[in-house]
Every structure is written in structure tokens, then in C-alpha cells.
Amino acid sequence: MGQKIRVAALYGGNSPEHEVSISTFGFVDEYLDRDRFELIPVYLKREGATLADFQKLEGVDVVFPCLHGPMGEDGTIQGACEFLGIPCVGAGTRGSVLCMDKVLMKTLLKANDIPTTPFDILTPHVELDLEAVLARFDQKCVVKPANMGSSVGISRAFSLGELERAIVEARQYDQKVVIEKLIEGREFEVAVLQTDQYRASLPGEIIPKGGFYSYANKYLEADGAQFVLPAKISDRIVLQIQQMAIKACKVLESNGMARVDFFLADDGKLLLNEVNTLPGMTSISLFPKLWDLSGISYSNLLTHLVESACPKLKLLLIS
């Protein structure tokens, strides 16, 4: 065996998803093939990255960002790696920005005829008639910070008072807020990998407790959600989900990997909800589970991600 590839895993960071990031690093630490790779942990404090942190990247072959949310998944780290000339696992700077900002993402999806949840945008400089929004969305809304993940800052609203409180909650994380129509139906996730071509896993279904896949459901409650793997849906819907997910990743320049979330509404319409460029890899995360279900083990998944970020290394990619 020749010299090992040096992989710097960045985790922690200045984001409300700090703890989720630590869990993702734990997955990488456990399953990265040490016969092929040398893992270099780089913990970023809650206060944010420092010059000393970036100095630890000297001599590494690839960066694996185990980061979620702002200052990690939004193009910040990707841009820094691009500036330093270090390959980075996952989407590049532009793709990270497009997928992290839900307004940009949904606008591009809509422009490319990819069905997504109906939405309105609220910014400090754009006011909305909230009563009109409620009426248009049948008095059922989901309110989200435009740039956040892991369901942080997300609330449901069924009245004007609830909508106003939900906006206040979301604005704790981002002054730009997305108000969506609450979709009644089933929720699915599919994992996507990309080297020269894109490949989608089998989809899985999420059945959250209480009908809402909140941060608490995801990370704080042991029985917060039930997962059906693979999803019990027709081959036609499976193919539709896979094709729509791949098209979205191409449109949004989400290279390397993504987890794509869907709703199958009660009226039978399939809607793309979000594209996540750095999906969680925790004990309950579906991204690695879906690939394991589709024939790629946890260890081989990480090998694939690292190697596909470094084609110049000429390592054997997973077929």
C-alpha cells in the first residue's frame, strides 16, 4: 500500500447545527477506511473558524466538510477550499449557495419546471399581506429561515397569530424567510451520488410523530419518526422521484452528493421540497441508510465521496 490519502474532516462550527455536525464527524471517524486514508480531525469552535484552523489544512489531499447550516453548507467553506486549491467533498461554492438558500433553490426549480411547494418570500425590505398569504395557502403554512437546515427555526402556522409568531422564530436565524403551503400527504427522501454521472438510491419514507418532521423529531426523540426503507410505493413513483432528484441536482449544480426531499400530496402530485448538499450522517440519517439499502456500505460510501472529489488521485472508484 502506497502513501495514504490525507483527509481533513471539518466539524463543529459556528452554526445552530453544531451538534449535528459533531455526529456526522463521528460517522466519518468510524467508517472511513484507514487502510487507504489518514483522517485529520479539524474541530471548529462555536465562535467560528480561525486562521490556525486553516493552517491545519496544509498538506492535506482533500477536505471532507462534516458541517451543516450557515458557515459550512452555504458555500463559505467550499469557497475557502477553492481559494486554497484543496479539493472538497460535495458541491462546490455555487452549488452550495444555490441549495442552501431556499429562495434561490425554489426559484430555480420553478424556472426549470420542477414542481415544488408553493411559496412566498419575506425579507426586511419586502412586506407581505399575511392574511392574503394564509388565504392563498388554505390557512396552512410552514415558515422557514431561508438559510438553515435540520428543521431549525421551522414552524407550522394555522392562523394569523401563529404565522406572526412563526416569522419571529424564523428571523432568529435569518432575516429572509420562506412561507410555504403546508402539504398534506407522504414524505420521502432519496440520496444522490455523482461522479461523471448522477445516480439515485431507492427512496425511503419518513412518517414523523405528530405529522411534522421537526428538529426534535430528528435528533432529540428516540421515537420521533418511523422510517420505511425502502418506501412502499409503485415503481412508477420510484422512477419519478429518482429522475426528478437527478434533474434538480443538475439544475442546482449539486455535485458529489445530495439528499433530496419530496412530498407526495394527497391529490397525487409529487413535489420537490429541498435539496441538501451536505446531508447528515448520524445514527438516524437516511443518506447513508439509503445507500446501504441500495448496495453501497457505509465505508464504501465514504470512499466513493473522497475519491470522487479527487479524480487526479486516479484511485479506483466504486462501480
Side-chain angles (χ1 to χ4, degrees), residues 10-22 24 44 46-49 65-82 88 90-111 114 116-128 133 141-157 163 165-181 189 213-215 218-219 248-249 251-261 272-280 285 287:
L10 306 183
Y11 68 105
N14 181 18
S15 165
E17 299 176 66
H18 186 95
E19 287 79 10
V20 182
S21 172
I22 292 173
T24 289
L44 306 180
R46 292 181 183 275
E47 293 78 14
C66 304
L67 298 164
H68 306 295
M71 305 302 291
E73 195 173 353
D74 60 357
T76 306
I77 291 296
Q78 293 76 12
C81 289
E82 188 175 334
C88 186
T93 305
R94 186 162 54 201
S96 299
V97 171
L98 292 177
C99 291
M100 186 66 187
D101 189 315
K102 296 176 178 62
V103 173
L104 295 177
M105 177 186 66
K106 287 180 173 292
T107 301
L108 276 174
L109 292 176
K110 189 175 180 180
I114 300 174
T116 187
T117 49
F119 67 99
D120 269 316
I121 305 162
L122 184 64
T123 74
H125 308 293
V126 176
E127 294 298 326
L128 292 175
V133 172
C141 298
V142 177
V143 182
K144 304 176 178 180
N147 291 274
M148 190 56 64
S150 295
S151 297
V152 173
I154 294 182
S155 307
R156 295 188 295 178
L163 180 54
R165 287 190 291 273
I167 290 170
V168 171
E169 170 70 14
R171 278 182 164 164
Q172 293 185 46
Y173 303 97
D174 194 341
Q175 286 300 300
K176 185 161 59 174
V177 174
V178 178
I179 305 174
E180 300 176 350
K181 180 178 180 179
E189 293 186 354
Y213 201 31
S214 65
Y215 183 91
K218 291 180 179 180
Y219 303 113
C249 287
V251 165
L252 296 167
E253 301 183 48
S254 179
N255 307 323
M257 62 174 162
R259 193 197 72 240
V260 188
D261 305 342
L272 196 155
N273 182 33
E274 293 184 9
V275 177
N276 301 272
T277 57
L278 287 177
S285 297
F287 182 81

remark   = Closest heavy-atom pair, Glu127 versus Pro124, reported as atoms and distance to 0.1 Å, is OE2-O, 4.2 Å

ask   = Any side-chain heavy-atom pair from Leu252 and Met105 closer than 4.5 angstrom?
value = yes

ask   = Do the side chain of Thr76 and the main chain of Gly72 share a donor and acceptor less than 3.5 angstrom apart?
value = no

task = Before giving the answer on side-chain contact (heavy atoms from CB on, under 4.5 Å), spell out for Val103 and Lys176 the whole-Å C-alpha distance, their side-chain angles and the decisive distance to 0.1 Å.
result = CA-CA 9 Å; Val103 173; Lys176 185 161 59 174; 3.9 Å; yes

inquiry  = Any non-hydrogen side-chain atom of Val260 less than 4.5 Å from a side-chain atom of Glu274?
reply    = no

query = Between Ser96 and Gly92, is there a donor-acceptor pair closer than 3.5 Å when you use the side chain of the first and the backbone of the second?
reply = yes

Residue list, side-chain hydrogen bond (donor to acceptor under 3.5 Å, both in side chains) with Thr24, at least two apart or on another chain = His68

Non-neighbouring partners of Gln175 that pass side-chain hydrogen bond (donor to acceptor under 3.5 Å, both in side chains), sequence neighbours left out = none

inquiry  = Less than 4.5 Å apart, side chain to side chain, heavy atoms only: is that true for Leu104 and Val97?
reply    = yes

note = d(Asp101 CG, Asn147 CG) to nearest 0.5 Å is 4.5 Å

task = Examine distances only and state if a side-chain atom of Thr117 and a backbone atom of Lys181 form a donor-acceptor pair shorter than 3.5 Å.
result = no

inquiry  = For Arg94, is the CZ atom crowded, meaning more than 12 foreign heavy atoms sit under 6.0 Å from it?
reply    = no

query = With side chains defined as the heavy atoms from C-beta onward, is the minimum distance between Ile154 and Val143 less than 4.5 Å?
reply = no

note = Those residues at least two apart in sequence (or on a different chain) that pass side-chain contact (heavy atoms from CB on, under 4.5 Å) with Cys88 are Val63, Pro65, Gln78, Cys81

query = Where is the tightest heavy-atom contact between Tyr173 and Gly153, given as atom of each residue plus distance?
reply = CE1-CA, 3.6 Å

ask   = At what distance, to the nearest 0.5 angstrom, does CD1 of Ile77 lie from SG of Cys66?
value = 11.5 Å

inquiry  = Is a donor from one side chain sitting under 3.5 angstrom from an acceptor on the other, for Asn276 and Asp261?
reply    = yes

remark   = Here the pair of heavy atoms bringing Leu128 nearest to Ile121 is CD1-O, 3.4 Å

key: Residues which pass side-chain hydrogen bond (donor to acceptor under 3.5 Å, both in side chains) with Asn14, listed by chain and number, not counting sequence neighbours   = none

key: Chi angles and distances behind the side-chain contact (heavy atoms from CB on, under 4.5 Å) call for Ile179, Ile167   = CA-CA 9 Å; Ile179 305 174; Ile167 290 170; 4.2 Å; yes

request  = Quick one: list whatever passes salt bridge (charged side-chain N to carboxylate O under 4.0 Å, His left out) with Glu180, sequence neighbours left out.
outcome  = Lys106, Lys144

ask   = Between Asp74 (side chain) and Met71 (backbone), is there a donor-acceptor pair under 3.5 Å?
value = yes

ask   = Just by modelled atom types, is the Gly79 backbone N or O under 3.5 Å from a matching donor or acceptor in the Thr93 side chain?
value = yes

ask   = Mind checking whether Arg171 and Val177 have side chains closer than 4.5 Å, heavy atoms only?
value = yes

remark   = Taken to the nearest 0.5 Å, the spacing of Arg259 CZ from Cys99 SG works out to 11.5 Å

query = Counting N and O atoms only, with roles assigned by atom type, does the side chain of Ser15 sit under 3.5 Å from a partner on the main chain of His18, one being a donor and the other an acceptor?
reply = no

message = Using side-chain heavy atoms (C-beta onward) and a distance below 4.5 Å, is Pro279 in contact with Glu189?
response = no

message = My understanding is that only residues two or more places apart in sequence, or in another chain, count here; which of them pass side-chain contact (heavy atoms from CB on, under 4.5 Å) with Ala49?
response = Leu44, Asp53, Phe54

key: For Phe119 against Val178, the heavy-atom pair lying closest together   = CB-CG1, 4.0 Å

remark   = Output for pair (Leu163 CG, Cys141 SG), nearest 0.5 Å, gives 5.5 Å

request  = Measure across Phe287 and Gly280 and return the closest heavy-atom pair with its distance rounded to 0.1 Å.
outcome  = CB-O, 4.1 Å

key: No-hydrogen, no-angle side-chain donor-acceptor test under 3.5 Å, Glu169 and Ser155   = no

